[in-house]
Amino acid sequence: MVKFGLQFKATLENVTNVRPLGEDFRWFLKLKCGNCGEVSDKWQYVTLVECVPLKGGRGSASMVQKCKLCSRDNSIDILRDTITPYNFEDSERFKTMVQFECRGLEPIDFQPQAGFAAQGPDSGTPFLEINLLEKDWTDYDEKIGESVGIYEVTHQFKKC
């Protein structure tokens with residue numbers, strides 16, 4: 001099994017603590033089979049609430065799938081304790097937001113969608129259900145009378 005860290009990078013304006021909201025947050029990934037190199041053509045998601053037993057009683061994972069090309073059983077598991085918020089100080093730098101434990105799979109792409117949350121660093125104003133599908137998000141913080149935003153969202157995967 002190999003661990004991959006999803007590194008998140010964005011420019012933050014008047015927000016901090018960007019994080020996935022809830023255990024049902026969907027991490028949308030494109031995955032590659034480590035055996036034959038087949039890449040999934042559709043986005044697949046994993047969540048903390050889903051738990052599938054592995055064959056042979058070897059524990060469980062967030063997702064287990066059989067490769068369409070080589071029929072190999074592969075799995076990916078979200079490492080709950082590695083989920084880390086992206087803070088104002090991290091702005092414009094890559095930071096690992098979550099790690100995945102992979103058996104026979106490699107994550108090669110990530111699509112941020114709805115379900116992120118953040119807060120105003122000075123006001124504490126909560127911003128819930130942030131959608132990052134367009135790689136940018138803006139709102140207005142009434143408490144400080146200024147615009148807030150998350151811009152130029154990008155990512156990379158790194159072996160841990």
Side-chain angles (χ1 to χ4, degrees), residues 1-12 14-34 39-55 57-68 73-88 90-91 94-121 123-141 148-160:
M1 75 192 116
V2 180
K3 293 179 184 173
F4 289 94
L6 169 61
Q7 295 191 320
F8 184 90
K9 179 180 165 186
T11 302
L12 304 183
N14 295 321
V15 292
T16 192
N17 200 21
V18 178
R19 65 202 182 281
L21 190 59
E23 298 220 338
D24 58 347
F25 178 84
R26 294 180 176 188
W27 299 94
F28 283 89
L29 305 169
K30 287 226 176 164
L31 303 165
K32 179 172 95 173
C33 177
V39 176
S40 57
D41 54 346
K42 295 179 182 171
W43 291 102
Q44 300 171 292
Y45 68 84
V46 292
T47 69
L48 285 170
V49 294
E50 294 180 29
C51 188
V52 182
L54 297 170
K55 277 190 177 177
R58 296 177 292 148
S60 62
S62 300
M63 181 177 73
V64 176
Q65 73 174 26
K66 186 178 285 269
C67 178
K68 291 179 183 175
D73 286 325
N74 300 316
S75 67
I76 184 168
D77 199 27
I78 302 167
L79 299 175
R80 177 185 306 270
D81 296 337
T82 66
I83 298 173
T84 309
Y86 191 80
N87 295 310
F88 188 77
D90 304 317
S91 190
F94 281 107
K95 178 182 179 182
T96 301
M97 186 174 264
V98 64
Q99 288 181 19
F100 301 100
E101 187 174 82
C102 302
R103 292 178 191 91
L105 287 175
E106 179 180 344
I108 58 167
D109 203 359
F110 167 65
Q111 184 180 60
Q113 293 193 11
F116 283 92
Q119 69 188 53
S123 66
T125 302
F127 298 97
L128 307 174
E129 289 305 312
I130 295 172
N131 189 332
L132 295 176
L133 185 58
E134 300 297 323
K135 312 288 190 238
D136 287 316
W137 167 84
T138 58
D139 205 333
Y140 189 77
D141 190 335
V148 296
I150 302 171
Y151 309 104
E152 301 170 5
V153 173
T154 187
H155 71 279
Q156 66 185 17
F157 287 99
K158 186 175 180 182
K159 257 187 191 179
C160 301

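Throughout, residue positions are numbered sequentially from 1 according to the sequence presented. Here the structure is a predicted model, which is why all the values come from computation and not from measurement.
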*Take K9 and Y86, measure what side-chain contact (heavy atoms from CB on, under 4.5 Å) needs, and give me the verdict at the end.*
CA-CA 8 Å; K9 179 180 165 186; Y86 191 80; 4.3 Å; yes

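- Inter-residue side-chain proximity for E23 and R80 is flagged as met; some heavy-atom pair is nearer than 4.5 Å.
- Taken from CZ in F110 to NE2 in H155, the straight-line distance is 7.5 Å, to the nearest 0.5 Å.
- The side-chain heavy atoms of V39 and D109, taken from C-beta on, include no pair separated by under 4.5 Å.
- V15 has its side chain out of reach of I130: every pair of non-hydrogen atoms, C-beta onward, lies at least 4.5 Å apart.
- T125 contributes no side-chain N or O that, together with a main-chain N or O of G120, makes up a donor-acceptor pair within less than 3.5 Å.
- Side-chain contact between K30 and S40 is present, with heavy atoms from C-beta onward closer than 4.5 Å.
- With hydrogens and angles ignored, the 3.5 Å screen pairs a side-chain donor or acceptor of N87 with a backbone N or O of N17.
- Between I108 and F157 the shortest side-chain heavy-atom distance does not fall below 4.5 Å.
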*Take L54 and R103 through the side-chain contact (heavy atoms from CB on, under 4.5 Å) test and state the conclusion after the steps.*
CA-CA 11 Å; L54 297 170; R103 292 178 191 91; 3.7 Å; yes

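- T11 places no side-chain N or O within donor-acceptor distance of the main-chain N or O of E152, the cut-off being under 3.5 Å.
- Around NZ of K158, the count of heavy atoms belonging to other residues, nucleotides or ligands within 6.0 Å does not exceed 12.
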*Does the pair Q65 and Q44 meet the rule for a side-chain contact (heavy atoms from CB on, under 4.5 Å), with working shown?*
CA-CA 11 Å; Q65 73 174 26; Q44 300 171 292; 2.7 Å; yes

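- Between S60 and D77 the shortest heavy-atom distance is O-OD2, 4.0 Å.
- Here the CD-SG distance, from E101 to C160, works out to 11.0 Å after rounding to the nearest 0.5 Å.
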*asked:* side-chain contact (heavy atoms from CB on, under 4.5 Å) for I76 and F4? Distances and angles first, verdict last.
replied: CA-CA 10 Å; I76 184 168; F4 289 94; over 6 Å; no

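- Smallest separation of non-hydrogen atoms from T84 and T96: CB-O, 3.8 Å.
- The local environment of NZ in K135 is crowded, with over 12 non-hydrogen atoms from other residues, nucleotides or ligands closer than 6.0 Å.
- In plain terms, the two heavy atoms of D90 and P85 that are nearest each other are OD2-O, 4.1 Å.
- Residue A10 comes nearest to I150 through the heavy atom pair CB-CG2, 3.9 Å, listed as atom of the first residue, atom of the second, then distance.
- Counting only distance, with no hydrogens or angles, the side chain of T16 and the backbone of F88 share a donor-acceptor pair below 3.5 Å.
- The side chain to side chain contact (heavy atoms under 4.5 Å, CB included) test with F100 singles out one residue from V46, L79, V2, and that residue is V46.
- Under the 4.5 Å side-chain criterion, counting only non-hydrogen atoms from C-beta, L6 is not in contact with P107.
- Pairing each heavy atom of Y151 with each of V148, the nearest pair is OH-O, 4.0 Å.
- You'll find the ring centres of F25 and W27 inside the 6.0 Å limit.
- E134 CD: 12 or fewer foreign heavy atoms inside a 6.0 Å radius.
- Not less than 6.0 angstrom separates the ring centroid of F116 from the ring centroid of F127.
- Taking every heavy atom of both residues into account, C67 and N74 meet most closely at CB-ND2, 4.1 Å.
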